Amino acid sequence: MRSIGTDEDEGAAMSDIREKIKTSSTVVFVLLLLIAGVLFAVSLLNIGRIVTESVDIDHTVNGGLRPYTVLGIQMLLAALLVYVALIFRRIGKEETPFFPGLSRRVKLAAPFLFLAFALPRWVAYAVISVSSGKLTYVIFDEISVILLAVAVIVFCIGHILEYGWRLQDENNEII
């Protein structure tokens, strides 16, 4: 049988949890910014390589646009990682993942996650269609479907965070 602790014990335990949330959120914030910085640097190197090598790109085939598609994905993914890093910074400041506005930010990250990978591919197909004079497109391929599923899961996590925040808010009102 569990014994009921004193208010001081519960306060100390809660303080420890808040400190862990603050510390881990700060670590994730820094790691995500580092990864985003590396992705951005790689993107700049790829831009330099594309410009200096003056690669003869065949716009009529998907493989010919691969350097541009990969570059687009890298840039959008770097932006997404910065966005998510800022979410973790805010979680560290609040010392809880349950605060107003977080669920909206997480829900907004869901379509951005999907579009970071799908949009460059869609643009590549549009370029191929225009340059070849033949309509070529793929709305959902195997990568897009997987990322759509991940985006839906992230969106659901946003709802879970909103529910948790509302429960915490109700609990604080009761106390």
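Quantities reported herein were computed from a predicted structural model and do not represent experimental measurements. Hydrogens, waters and symmetry mates are skipped; everything else that's a heavy atom, side chains included, is used.
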### Task
Answer with yes or no whether the hydrophobic clustering places Val30 together with Val82; edges join I, L, V, M, F, W, Y residues whose side-chain heavy atoms lie under 4.5 Å apart.
yes
### Message
Checking Phe114 against Val152 for the side chain to side chain contact (heavy atoms under 4.5 Å, CB included) test, could you report, in this order, the C-alpha distance in whole Å, the side-chain angles of both residues, the deciding distance, and whether it holds?
### Response
CA-CA 9 Å; Phe114 172 73; Val152 168; over 6 Å; no
### Query
Just one of Pro97, Ser103, Pro100 clears the side chain to side chain contact (heavy atoms under 4.5 Å, CB included) bar with Trp165, so which one?
Pro100
#### Entry: Distance, nearest 0.5 Å, that separates CG of Leu44 from CG of Leu71
8.5 Å
### Query
Is the number of heavy atoms from other residues, nucleotides or ligands within 6.0 Å of CZ (Phe29) greater than 12?
yes
### Non-hydrogen atoms of Arg18 and Glu94 that approach each other most closely
NH1-O, 3.5 Å
### Message
Could you report the tightest heavy-atom contact between Leu39 and Gln74, atom names first, then the distance?
### Response
CD2-CG, 4.1 Å
### Message
Measuring only between side-chain heavy atoms, which start at C-beta, is Phe117 closer than 4.5 Å to Leu77?
### Response
yes
### Query
Do Val27 and Val84 share a hydrophobic cluster (ILVMFWY, side-chain heavy atoms under 4.5 Å, transitive)?
no
### Message
Would you say Leu115 ends up clustered with Phe155 if hydrophobic residues are merged whenever their side chains have heavy atoms under 4.5 Å apart, either directly or through other cluster members?
### Response
no
### Query
Between atom NZ of Lys93 and atom OG1 of Thr26, what is the distance when rounded to the nearest 0.5 Å?
10.5 Å
#### Entry: Polar side-chain atom of Tyr83 near backbone of Arg105 as donor-acceptor pair, under 3.5 Å
yes
### Summary
Rounded to the nearest 0.5 Å, the CD atom of Glu19 sits from the OG atom of Ser24 at a distance of 10.0 Å
### Query
Do Phe98 and Ile17 share a hydrophobic cluster (ILVMFWY, side-chain heavy atoms under 4.5 Å, transitive)?
yes
### Message
Check Arg104 with Glu162, please: is the shortest side-chain N to carboxylate O separation under 4.0 Å?
### Response
no
## Note on the structure
CD1 (Ile91) and OG1 (Thr96) are apart, to the nearest 0.5 Å, by 8.5 Å
### Message
If I compare all heavy atoms of Arg121 with all of Thr69, which pair ends up nearest, and what's the gap?
### Response
CG-CG2, 3.8 Å
### Task
Kindly give the heavy-atom pair with the smallest separation between Val106 and Val154, and that separation in Å.
CG1-O, 3.5 Å
### Query
Under a single-linkage definition using a 4.5 Å side-chain heavy-atom cutoff for Ile, Leu, Val, Met, Phe, Trp and Tyr, are Leu34 and Leu45 assigned to the same hydrophobic cluster?
no
### Message
To the nearest 0.5 Å, what is the distance between SG on Cys156 and CG on Leu161?
### Response
11.5 Å
## Note on the structure
Heavy-atom nearest pair, Pro120 first then Gly72, reads CG-C, 3.7 Å
### Message
Nearest 0.5 angstrom please: Leu81 CG to Phe40 CZ, how far?
### Response
13.5 Å
### Query
Would you say the ring centroid of His159 lies under 6.0 angstrom from that of Tyr163?
no
### Derivation of the side chain to side chain contact (heavy atoms under 4.5 Å, CB included) call for Ile87 and Arg90
CA-CA 5 Å; Ile87 290 173; Arg90 178 75 190 275; 5.8 Å; no
### Query
What do you reckon, is NZ of Lys22 surrounded by more than 12 foreign heavy atoms closer than 6.0 Å?
no
#### Entry: Closest contact, heavy atoms only, Phe112 versus Leu76
CZ-O, 3.9 Å
